[in-house]
Amino acid sequence: MTASKFYALVMFPYPSGNLHMGHVRNYAIGDVVARYKRMRGFDVLHPIGWDSFGLPAENAAIRHKTHPAEWTAKCIERMTKQLKSLNLSYDWDRAVTTCNEDYYKWTQWLFLKFFEQKIAYRKEARVNWCPGCQTVLANEQVKEDRCWRCESKVEEKPLEQWFLKITDYAERLLQDIEKLSGWPEPVKIMQRNWIGKSEGVVIEFPILKHGESKLTVYTTRPDTLFGVTYMVLAPEHPLVDALTKGTEHEKAVKTFQEKVKHETMHEREKNLIKEGVFTGAYAINPANNEEIPIWISDYVLMEYGTGAVMAVPAHDQRDFEFAKTHNLPIKHAEPFTGEIGKQKVNYRLRDWLISRQRYWGAPIPIIYCEKCGIVPVPEKDLPVKLPKNVKLTGKGASPLAQVKEFVETKCPRCKAKARRETDTMDTFICSSWYFYRYCDAKNKKQAFAKDKVDKWLPVDQYIGGIEHAILHLLYSRFFAKFLYDQKLVPTDEPFTNLLTQGMVIKDGAKMSKSKGNVVDPDEIIKKYGADTARLFILFAAPPKKELEWSDKGVEGCYRFLNRVKRLVTESLEPANKLRGSNERGNRDVQSQVSEPNITKVLHQTIKGVTEDIERFSFNTAIAKLMTFVNVLYNSNTSIGNWKLEIGNLLLLLSPFAPQTADELWKKLGNKNSIHKEPWPAFDPELTRENEITIPVQVNGRLRDTIKVATEADKETILNAAKSTEKIKNFTTGKQIIKEIYVPNKLVNLVIK
RNA sequence: GCCCGGGUGGCGGAAUUGGUAGACGCAAGGGACUUAAAAUCCCUCGGUUGCAUAAGCCGUGCCGGUUCGACUCCGGCUCCGGGCACCA
């Protein structure tokens, strides 16, 4: 029988040149999972790589007068050293680097697949332009009208660009969220909201004195049809011209349209007073034949629904505000219950804009021919290599457009002179399929072999930052579905379980250069070693929560590891040496722990640590190891007898502090690496206490505790509880009306 | 505005199904060892009354409810963090 597979994946880093604490946290968590699963006998895939295309490298190269390829290579070299210094158990042979030809060749190949299936297409649209990055951005990459990366204010520009038709998958992306039982609820909610499904109807309103022309609106509330008092069109709506041409309203409408044209979506949204003008035309409410005025206003968006709405000010906040501003009637009406219009589903999700007007990305493998039009680069001609000799200024059009040798080519179909596409792909494309490439990282003939991805996918545990709740995690789900449809991968969801780690903060704020609160992992590793750094990061907070950095806390973890080391050293000394009281201060003899109890605590610790790791409660797992070490230190028995306990302690410690655990393991006389050992098992019988302390409450308030044998029956325990001095003080002269006994948990006496 | 998280000692956090609130670590105080310091080891450590390591009262953001019993469940607020934001 072969071992079950386990794919432990961490979000691969962008090679900025510096590992930061967020990385350390992500990778420490991932490494604990990988090491633990390995010890549990799983065949574990735990890879790492580099998300190495992207703007920062291009900008850094310009600043440092070097080439992005060289800059990136240096950064990767540096960060590889840093990662290796953390003793992360990666399979380095599988490392992928998205800016290498052998990777982006297949990114381009995937683009061709999308193109074949008409998922990749070109269209002109008003797109988000970031003046800081000098490129366009996808909707997902704009946060509150600012660029997610450089925080410049995003502008809108009408441009012809490449898109991926992610909207074709909107319904499946939404439905399959149900399948993601191993994902955190907030992430799923964010994705649902982003997709933004709404179900409604499309209703046609005839227009008065305009023959057959009709006004089509989309509404989720057809029941409010009787309350409609006016109609509103988006300023760009195609009917506007026909309605106003040659009328007294034409001029005012044109002026308004001009004004709106120069505003971005966000500016429009910020307008507190809803502006608009009357078109002079009227529509007829199909439900009651009322004549209602048609207005235009910037609060109606051309991009959503039909670009026209029926306004029900009695029901809708925005309609209400508009009606008040422009003195339009507000009508409270009976609900409309008839059948009208056609069912229609709308989504807020827009297609993914993937063109980027920058150099450091995978070239879009497309050729424009005057005769043949848009021609995909034939597969055999891949990769379309990024030319090395480029002038990078960070300004103006796509840098590739300046490279004559790149642009000028022949049409693959008719062999006539043709031009290459000069935009590159959004780097989120590169990161949407890297976890497939890991399975077959060196394949020269394919992006990945089917049997390899069949073996490893889906990812059993994915770990990364919440900041990708929509971005990377939505794109990757989309890719998975497309690749699944192409029968290239085995599942239509890529990640079975997702753990979103919290940020690392210091002095209450995110670590950042501008705040000057950055802690350099290198310095911590140099001073205390990688194990201390890992241990602290895992101990200071549960993975999902924010982690407050504390230099003192780091020292505490350092002390703990030294305590473990000392324990091992002392255990190797002659067995007759007791942990005598003379070297331990004047401790209460009763607090010392005797031999059989150590066995019990060992088994309790194995049980507790195992369960804690399973539920990602690493902080409490480590706390239990500390408790165990404290118990050993407090023991009154010969330390020479602790071989078994100390061996197990090291095994339990090994996923957290791999280097220390292995060194000490060898010191104990073991020849093989601790990391090849199986995870320790516990005996449930041996974890049992033979005497337990039971709290005794009177009217729900703790009054005393009693010690009883674990097997003691209800009657014995209740009698014992009622007969203690303290309890008697509360109960004498009173009537016990109820006796509550929760087995092995507590006694509560209700008195009157 | 809407949708998610979250408020527990001086601090980070624990309490897994409603059952001894504060595990573990940090900081603080005391002690042992030492010529001394560092390191190490031990003890105390939510607030309050109290000589007390006697006993009691209060205590998990606030107000109320359910329950023998609530950090945990329910209703209403409040503050902090995050996401979305004219999507008809």
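Proteins come first, then strands; the chains are lettered A, B, ... in the order of their sequence lines, and each starts at number 1.
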Report task. Could you tell me which residues satisfy ring pair (Phe, Tyr, Trp, His ring centres under 6.0 Å) with A/Phe628, sequence neighbours excluded, listed by chain and number? Result -> none
Query raised in the report: So, do A/Val698 and A/Ile727 sit near enough that their side-chain heavy atoms are less than 4.5 Å apart?
Result: yes
Could you go through nucleotides 52-59 of chain B and list every protein N or O atom that sits under 3.5 Å from one of its N or O atoms, giving the distance for each pair?
residue : atom : partner  : partner atom : Å
B/A55   : OP1  : A/Lys726 : NZ           : 3.3
B/C57   : OP1  : A/Arg703 : NH2          : 3.4
B/C57   : OP2  : A/Arg703 : NH1          : 3.1
B/C58   : OP2  : A/Arg701 : NH2          : 2.6

Query raised in the report: Based on Watson-Crick and G-U pairs with both distances under 3.5 Å, what dot-bracket line describes RNA chain B 5' to 3', crossing pairs as [ ] and inter-strand pairs as |?
Result: (((((((..(((......[....))).(((((.......))))).((((.....))))..(((((..]....))))))))))))....
Query raised in the report: What is the nucleic acid contact for A/Asn562, judged by heavy atoms within less than 4.0 Å: base, sugar-phosphate only, or nothing?
Result: nothing
**Report entry** Lys/Arg cation over aromatic A/Tyr304: A/Arg348, 6.0 Å, 45° cone
**Finding:** no
Report task. Between B/G65 and B/C26, how far apart are the P atoms? Round to whole Å, please. Result -> 43 Å
Grab the N/O contacts between the protein and nucleotides 13-15 of chain B below 3.5 Å, and write none if there aren't any.
residue : atom : partner  : partner atom : Å
B/G13   : O3'  : A/Asn619 : ND2          : 3.3
B/A14   : OP1  : A/Asn619 : ND2          : 3.0
B/A15   : OP1  : A/Arg615 : NH2          : 3.2

Query raised in the report: If the P atom of B/A38 is compared with that of B/G30, how far apart are they to the nearest Å?
Result: 14 Å
Could you go through residues 188-197 of chain A and list every donor-acceptor pair under 3.5 Å that involves a side-chain atom there, pairing it with any protein atom two or more places apart or in another chain?
residue  : atom : partner  : partner atom : Å
A/Lys188 : NZ   : A/Leu180 : O            : 2.9
A/Gln191 : OE1  : A/Arg477 : NH1          : 2.7
A/Gln191 : NE2  : A/Ala469 : O            : 2.9
A/Trp194 : NE1  : A/Glu140 : OE2          : 3.0
A/Lys197 : NZ   : A/Glu171 : OE1          : 3.0
A/Lys197 : NZ   : A/Glu171 : OE2          : 3.0

Scan nucleotides 26-28 of chain B against the protein and return all N/O pairs shorter than 3.5 Å with their distances rounded to 0.1 Å.
residue : atom : partner  : partner atom : Å
B/C26   : OP1  : A/Arg559 : NE           : 3.1
B/C26   : OP1  : A/Arg559 : NH2          : 2.8
B/A27   : OP2  : A/Arg559 : NH2          : 3.3

Query raised in the report: Rounding to the closest angstrom, what is the interatomic distance between B/G76 and B/U17 at atom C1'?
Result: 27 Å
Requested in this report: Scan A/Ile740 against the nucleic acid and name what it touches under 4.0 Å (heavy atoms): base, sugar-phosphate only, or nothing.
Outcome: base
